Amino acid sequence: MAKKRDSSSTAVVIGAGPAGLGTALGLKRKGIDVLVLERQEEIGLCRRGETIRYSQEMEGLLYPGFFNKHTVHRINKRRYYSHSEKMYVDRTISTENLIINWTYFMSDIADVVRREGVEIRTGVEVISLIEDHGLIKGLKAQRPGTKKEESIFADTVFSCGGIDDPGSCHIDLDRRFTDFPIYKRLIRGFRGPQDRLEYYLHVDKESIPGIGCIFPRGKGEAEIILLLLTNTMKSFKLPVPFLQVEEFPEYHPTFRDRLNGTETYYTNNTLIPMGGVLSTFAPVPGLVMVGDALGHVDVRGGSGIRTSFLLGYSAGRLSASVIKSGDWSPDKIKLFETHMMENPQMRLLKRHALIYGTARRLLFQRLNDPNKMDKWWFFLKSLMR
Ligand SMILES: Cc1cc2nc3c(=O)[nH]c(=O)nc-3n(C[C@H](O)[C@H](O)[C@H](O)COP(=O)(O)OP(=O)(O)OC[C@H]3O[C@@H](n4cnc5c(N)ncnc54)[C@H](O)[C@@H]3O)c2cc1C
């Protein structure tokens with residue numbers, strides 16, 4: 001049966017990822033009653049990013065020492081290999097990469113959010129949004145594997161469900177050139193260098209270009225990532241096979257050696273929105289979207305944890321007054337959008353999407369041959385930080 005939540009100013013947040021939890025915290029701190037719905041049985045089960053830079057702003061919203069507590073390894077060096085591995089460049093970065101455990105990191109954020117009085121229900125999947133005369137009034141949810149639907153009404157729905165976000169489906173967002181396939185693997189028994197992130201560029205003409213990464217995690221563990229740059233596909237005569245993570249070592253001997261004798265203990269084949277920022281924050285009155293749902297990943301380094309959390313927090317805070325007034329009129333939406341676009345995180349995302357997104361697409365389209373890549377390495381390496 002349809003159910004109206006008790007409080008007069010309510011918000012329902014879809015997804016307990018960085019965007020959803022940031023949003024819930026921002027809303028609650030502005031006095032809005034919030035319910036978060038998460039389809040996984042436990043927070044943080046499906047591991048996504050595990051490399052982050054220290055953010056004073058994010059730590060300030062959580063608690064002192066949050067980043068230190070969750071850091072399992074620290075790295076400030078990077079090495080980039082050309083496809084042939086004949087060329088490489090080493091870089092040292094000023095703000096080190098902190099390696100975290102996604103599950104503990106996300107569960108801890110959820111604990112902070114719960115302690116502030118937010119209700120988080122896990123094992124509940126949102127299946128659709130309820131729209132009435134152009135206004136989002138709530139959503140339909142169910143326990144995965146059951147057919148019993150529950151309707152939940154709210155003053156505003158915050159859709160923060162990541163790459164297969166219900167809000168994104170509701171407004172039919174075209175994500176073909178935004179979301180890239182990404183394979184993740186966590187391994188044990190890693191004996192390669194522990195003090196640098198390694199990137200292997202892949203431009204073999206027979207397959208979609210990509211980047212293979214090895215991110216050490218300390219104690220003989222490492223994260224292996226293969227990112228396929230499908231937005232370069234326009235330069236190929238389709239169909240071009242997608243390279244699988246198992247095939248990557250065949251092309252890259254050093255990468256292969258690093259993996260020798262290791263044991264895989266986690267895998268996740270998914271998508272990451274690294275092709276630019278999509279849509280506006282409030283595409284329909286009563287609906288606000290944040291995080292991977294809108295492509296809020298920095299295309300320069302693939303960081304989306306911090307940006308999603310901070311943008312979520314801002315979206316929550318800024319929309320609180322609109323929720324209280326119950327007025328999602330065009331003027332209010334316009335004002336909300338303007339403020340969100342002025343957010344420093346948003347400006348950075350847009351700038352990087354334009355500069356680095358375009359540069360990367362053009363480079364991988366033009367230098368799509370290993371010899372060409374080596375020939376142009378001097379120029380190419382200047383773009384790597
Ligand atoms: C393999 C990989 C590696 C990455 N590496 C990094 C990195 O090193 N550093 C970094 O900063 N970023 C990284 N990212 C990006 C970063 O993880 C994301 O940008 C960030 O997690 C986005 O947060 P989000 O809350 O928008 O989405 P998500 O983290 O995907 O959270 C969405 C949540 O919504 C839930 N959900 C979805 N649909 C529904 C539904 N219908 N009903 C209920 N719940 C639902 C999901 O279960 C999930 O918990 C990586 C991403 C991937 C995939």
Side-chain angles (χ1 to χ4, degrees), residues 12-24 35-55 58 75 97-103 105-107 109-110 120-129 139-144 150 152 157-170 178-186 197 211 213 215 217 223-228 245 266-274 277-278 289-313 315 345 349:
V12 176
V13 177
I14 306 171
L21 293 176
T23 301
L35 169 67
V36 179
L37 302 175
E38 168 55 53
R39 72 171 165 206
Q40 293 170 55
E41 287 300 331
E42 283 168 44
I43 308 287
L45 277 189
C46 183
R47 296 169 79 149
R48 292 180 74 79
E50 307 202 54
T51 312
I52 193 165
R53 309 277 193 105
Y54 172 75
S55 159
M58 188 167 167
I75 298 177
N97 283 110
L98 308 178
I99 310 295
I100 54 151
N101 177 310
W102 170 268
T103 310
F105 187 88
M106 291 313 304
S107 311
I109 298 180
I120 304 177
R121 281 196 219 156
T122 54
V124 182
E125 179 165 29
V126 174
I127 44 174
S128 60
L129 303 185
L139 48 82
K140 291 190 176 171
Q142 67 184 26
R143 293 219 149 256
E150 181 188 9
I152 298 176
V157 172
F158 290 81
S159 217
C160 306
I163 38 122
D164 45 6
D165 177 66
S168 166
C169 303
H170 188 86
T178 322
D179 297 349
F180 301 167
I182 185 166
Y183 307 112
K184 173 184 173 116
R185 201 186 258 195
L186 295 175
L197 307 177
I211 306 172
C213 314
F215 299 160
R217 301 180 55 76
E223 179 183 28
I224 307 299
I225 294 278
L226 173 57
L227 172 71
L228 300 182
V245 72
Y266 181 85
T267 56
N268 183 8
N269 294 342
T270 177
L271 297 166
I272 182 169
M274 288 255 294
V277 183
L278 289 161
M289 289 164 60
V290 192
D292 276 10
L294 284 189
H296 292 154
V297 175
D298 188 333
V299 305
R300 187 170 70 168
S303 51
I305 304 173
R306 188 190 61 235
T307 47
S308 297
F309 180 84
L310 292 175
L311 281 172
Y313 189 81
Q345 298 293 329
L349 281 183

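Note: hydrogens, waters and symmetry copies are ignored here, and every other heavy atom, side chains too, is used. Quick note: residue numbers are just sequence positions, from 1. Keep in mind it's a predicted model, so treat the numbers as computed, not measured. Remember, it's 1-based here, ligands and their atoms both numbered in the order they're listed.
For atom 38 (N) of ligand 1, the nearest non-hydrogen atom from the set R306, R39, R185 comes from R39. Among G302, G295, A16, P166, the residue whose heavy atom sits closest to atom 13 (C) of ligand 1 is G302. Of the listed options G304, A19, G161, G304 places a heavy atom closest to atom 10 (C) of ligand 1.
Among protein heavy atoms, atom 1 (C) of ligand 1 sits closest to I182 CD1, 3.7 Å. The shortest contact between atom 26 (O) of ligand 1 and any protein heavy atom is with D292 N, 2.8 Å. The protein atom (non-hydrogen) at minimum distance from atom 31 (O) of ligand 1 is G17 CA, 3.4 Å. Looking only at heavy atoms of the protein, atom 6 (C) of ligand 1 is closest to G49 CA, 3.0 Å. Residue, atom and distance of the protein heavy atom nearest to atom 41 (N) of ligand 1 are V126 O, 2.9 Å. What sits closest to atom 27 (O) of ligand 1 on the protein, heavy atoms only, is G162 CA, 3.7 Å.
Those atoms of ligand 1 with a heavy atom of T270 less than 4.0 angstrom away are 53 (C). Close contacts between ligand 1 and V297 involve ligand atoms 19 (O) [criterion: under 4.0 Å to a heavy atom]. In the vicinity of I14, heavy-atom distances shorter than 4.0 Å reach the ligand 1 atoms 40 (C), 42 (N), 43 (C).
Geometrically, ligand 1 and E38 share a nitrogen or oxygen pair separated by less than 3.5 Å.
For the pair W102 and ligand 1, a heavy-atom separation below 4.0 Å is found. At least one heavy atom of V124 lies less than 4.0 angstrom from ligand 1.
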Donor-acceptor pairs are to be reported for all side-chain atoms of residues 299-307 against protein atoms at under 3.5 Å, with residues two or more places apart or in another chain.
residue : atom : partner : partner atom : Å
T307    : OG1  : H296    : O            : 2.8
T307    : OG1  : G304    : O            : 3.4

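For T267, the side-chain contact (heavy atoms from CB on, under 4.5 Å) partners at least two apart in sequence or on another chain are R185, T264.
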